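Okay, so here's the structure we're looking at.
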Amino acid sequence: MSSIPKDRSHKGNLKNPEALDRPKASNKESVAEVERSHNGDLKNLEAPESVAEVGKFDFLKALERPRPLNIERQRSCDERTMSELSIGISPRQLTAKAENCSRLGDHLDHLNSPLPKSGLNTPRSATFDSHSIASEAWDALRRSLVYFRGQPVGTIAALDNSDEKLNYDQVFVRDFVPSALAFLMNGEPDIVKNFILKTLRLQSWEKKIDRFQLAEGVMPASFKVFHDPVRNHETLIADFGESAIGRVAPVDSGFWWIILLRAYTKSTGDSSLAELPECQKGMRLILSLCLSEGFDTFPTLLCADGCCMIDRRMGVYGYPIEIQALFFMALRCALQLLKQDAEGKEFMERILKRLHALSYHMRSYFWLDLKQLNDVYRFKTEEYSHTAVNKFNVIPDSLPDWIFDFMPHHGGYFLGNVSPARMDFRWFCLGNCIAILSCMATTEQSTAIMDLIESRWEELVGDMPVKVCYPALESHEWRLITGCDPKNTRWSYHNGGSWPVLLWLLVAASIKTGRPQIARRALQVAETKLSKDSWPEYYDGTLGRYVGKQARKFQTWSIAGYLAARMMMDDPSHLGLVALEEDKLLKPLLKRSNSWTF
Ligand code: GLC
């Protein structure tokens, strides 16, 4: 802890020591600020009609409706405790849970009372031995706040001053998600609202890479605050991929933005933010980008390598599971947030059509379990016409050796990528967890994903939750697929490294599937090391035993991911921020072939 500077005057943040105590600007002011020339129309701020009821499809609706339902929330917590009893919770955990449940009333009172003025109040979720780790994490998270004209607008990627900064001094959209969840769960939604509005303003910029203009809807990968000491003026500087290594635009940013807008709305019960004309427009712009018609023969989204969390060349070009799952989730969130006006309705129709096709495609062609693996192993090739079983002409010889041992009797997962003559058999954590949270996976598939994680605990969780992907690319494959990337050597970084940020996704998926023991076990593993190791960005090795070769310390999303996970575990009603209830309309109607059965 002593290595962290006490002031917040790092790059990307401001020389603004009193910022925490400053009165917050009103929403109107924040919307009215002009950072730089842009081409968006943000004039109309009049009160809009109400959006379609948020939470129409939501998971455990009664559990976590925002403001008025204290009694229901209290009851749901009791129910959860009862169901945990039947799966063997330890007495110690029970006491912690009981304590927490008795505090739930306070928690809801807090949600109903004016929000804390200072960002320095005590966190509410810490229990027992995790208490000191959580409060240390809160201190670190608050130190990572980035201010723009006196308002907190995000969190810096890492507060590690010991290393070259590269772009770790920026606020990344994807990195901010766990921070936002932690703040929302702690009853501090203002920073999330500021972030949503600021990134929306950035979306409306004119974006160019060399002479090529990017589409209007693209959301930035990251931004930073530039302080001009001469004019004593602050501006935001965004990166849409034009500065990023590899020059790839972040496809995930727009999806995370929509998912976050829903989480904010769900958490606060305040639909006025989502109803703002500029938020509606921002959503439509993102949706237009991914719903547009072209040469596609699949409902999945075609992407360049490195356009998401794995932002370097790692063979994730094509139809990566991470993007498909986020796409699915964002579409479902947008359905809840779009207004029922003419434009909104048109988009809702397009979304529904796409969701139907996408869920069918993903549940059928991306799914792999023992039965399906055996079918691929016996696939005939060169089939022609509609009757083909091996539709993508995958050659069985392309099955990697490891998959035969890795696949358990019970369990399955969504493949990393499926395209003509190609199945990427690697397991990716983020896509599989989002598949569960969004219900892209059927109930049976969700259970199977958790079964696989339990059966392959050493490989996927080991000494630090969770592997970003499994297994690592080695030797010739590594040379060919990563282009000899020295940062992505085997079992390091994106190539089979273990990323603490993924803990919140595993915990959420575990709770949603009724398997809190998996979440508890993963949290316990993480708590033995994270704080001691100063919250590294990632761990290396087949078991995730070593602090990553080039890992930043005090990586904000490791800190926030832990906090979000811990708070969800302590109060499962928070799950509603990130989990959607199954939509009856998307229930599987058809089975692809006899081979795909449960
Ligand atoms: C690395 C990660 C990326 C993350 C960024 C900031 O580039 O690959 O996912 O957003 O660091 O933490």
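Quick note: residue numbers are just sequence positions, from 1. In listed order, ligands and their atoms are each counted from 1. None of the values given here were measured: they were computed from a predicted structure.
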(message) Testing the 3.5 Å rule here: is there a donor-acceptor pair between the side chains of Trp257 and Thr199?
(response) yes
(request) May I ask you to decide whether Glu474 forms a salt bridge with Arg490, counting only side-chain N to carboxylate O separations under 4.0 Å? (result) yes
(request) Could you please provide the protein residues found below 4.0 Å of ligand 1 on a heavy-atom basis, arranged by chain and number? (result) Ala157, Tyr168, Phe172, Arg174, Asp175, Met309, Asp311, Tyr493, His494, Glu537, Gln555, Trp557
(request) State which residues pass ring pair (Phe, Tyr, Trp, His ring centres under 6.0 Å) with Phe327; sequence neighbours excluded, sorted by chain then number. (result) Phe255
(request) Could you list the residues that satisfy side chain to side chain donor-acceptor pair (under 3.5 Å) with Arg545, not counting sequence neighbours? (result) Asp463
(message) Does the plane of the ring in Phe298 sit parallel, tilted or perpendicular to the ring in Tyr319? Use 30° and 60° as the thresholds.
(response) perpendicular
(request) Report the residues that fulfil side chain to side chain donor-acceptor pair (under 3.5 Å) with Arg422, sequence neighbours left out, ordered by chain and then residue number. (result) none
